[in-house]
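Working notes, structure below.
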Amino acid sequence: MRRRDLIAATAALSAIAPAALAEDAPSGGQSLSMPGVGLPIIAGGRLRNYVFVSLRLHLGGSATPETMRAKEAFLRDALVRAAHRTPFVVADDWTRIDGAAVSASLMRSAATIAGRGSVTRVEIVSQAPRRRTGVQTG
């Protein structure tokens, strides 16, 4: 996978409607959408794939979409760094990420970056693998 391909894919995914960045959550609370975060799939010490995820952060406490938008770059950075340290790999599938691990990692990072209680829940809206093949078979 070439670096320029990754950059092009990231640019295409981050061009998703800017108006969709702040929206009301279905339950009436506020949320912040984070489209197009590229997370690596590393298995056996090798980079096997990238999965681009779209996330929705459900906000709590005094956090608003406007205040959290200013921290979005820091949250993205923390998530990508965590994915490189301990990849969010599903054991037998290189086209998906472990949603529970991503959610837990981002919740910990959000508590540090934006304050405890600012993010109440992380929802994975979609996952799009760079390569659609590559399932590990043993």
Side-chain angles (χ1 to χ4, degrees):
M1 187 172 328
R2 288 181 281 198
R3 186 178 188 326
R4 70 174 177 209
D5 292 339
L6 177 61
I7 292 171
T10 303
L13 284 173
S14 61
I16 296 173
L21 290 177
E23 56 193 45
D24 288 335
S27 63
Q30 294 184 326
S31 66
L32 176 75
S33 293
M34 291 177 56
V37 181
L39 300 177
I41 300 296
I42 301 170
R46 297 183 59 197
L47 178 65
R48 303 294 182 169
N49 201 359
Y50 277 93
V51 176
F52 294 90
V53 296
S54 294
L55 306 167
R56 179 172 294 127
L57 306 180
H58 294 267
L59 308 178
S62 62
T64 65
E66 293 77 26
T67 60
M68 291 301 290
R69 193 173 299 119
K71 298 172 189 329
E72 181 182 358
F74 298 105
L75 293 169
R76 284 176 178 270
D77 181 63
L79 185 59
V80 170
R81 286 176 188 259
H84 281 277
R85 275 193 310 271
T86 308
F88 305 122
V89 178
V90 174
D92 60 345
D93 191 351
W94 295 343
T95 62
R96 294 184 301 129
I97 57 161
D98 181 0
V102 169
S103 180
S105 176
L106 196 53
M107 290 288 292
R108 285 190 304 271
S109 297
T112 303
I113 293 168
R116 187 172 304 274
S118 60
V119 175
T120 58
R121 185 168 64 99
V122 176
E123 177 184 352
I124 297 179
V125 178
S126 68
Q127 298 185 35
R130 170 74 167 92
R131 283 193 234 166
R132 305 231 185 271
T133 61
V135 175
Q136 181 182 8
T137 59

L32 and V125: same hydrophobic cluster, using ILVMFWY side-chain contacts below 4.5 Å? no
Evaluate side chain to side chain contact (heavy atoms under 4.5 Å, CB included) for V122 paired with M107, printing each intermediate quantity in order. CA-CA 7 Å; V122 176; M107 290 288 292; 3.8 Å; yes
Identify, with sequence neighbours excluded, every residue that meets side-chain contact (heavy atoms from CB on, under 4.5 Å) alongside A100. D98
Separation between CE (M34) and CE (M68), nearest 0.5 Å, reads 8.5 Å
Within the distance-only criterion (no hydrogens, no angle test), does the side chain of S103 pair as donor or acceptor with the backbone N or O of G99 below 3.5 angstrom? no
Give the minimum heavy-atom separation between I42 and P87, together with the two atoms involved. CB-CG, 3.6 Å
Heavy atoms of P35 and R76 approach each other most closely as O-NH2, 2.7 Å
Taking all atoms of both residues into account, what is the closest heavy-atom pair of P65 and L59, and its distance? N-CD1, 3.6 Å
N49 side-chain N/O to W94 backbone N/O, donor-acceptor pair under 3.5 Å: yes
Closest non-hydrogen atom pair between G38 and V80, with its separation: O-CG2, 3.8 Å
Any side-chain heavy-atom pair of V119 and L106 under 4.5 Å: no
Out of curiosity, E72 CD to T67 OG1, how far, rounded to the nearest 0.5 Å? 12.0 Å
Considering all heavy atoms of both residues, which atom of S105 and which atom of L79 are nearest to each other, and what is their separation? OG-CD1, 4.4 Å
Might you point out which heavy atoms bring A114 and K71 nearest each other, and give the distance in Å? CB-CD, 3.6 Å
Let me see the working for L75 and L57 under side chain to side chain contact (heavy atoms under 4.5 Å, CB included), right down to the final yes or no. CA-CA 11 Å; L75 293 169; L57 306 180; 3.8 Å; yes
Report yes if some heavy atom in the side chain of I97 is under 4.5 Å from a heavy atom in the side chain of V53; otherwise report no. yes
Do side-chain atoms of T120 reach the backbone of H58 as a donor and acceptor pair under 3.5 angstrom? yes
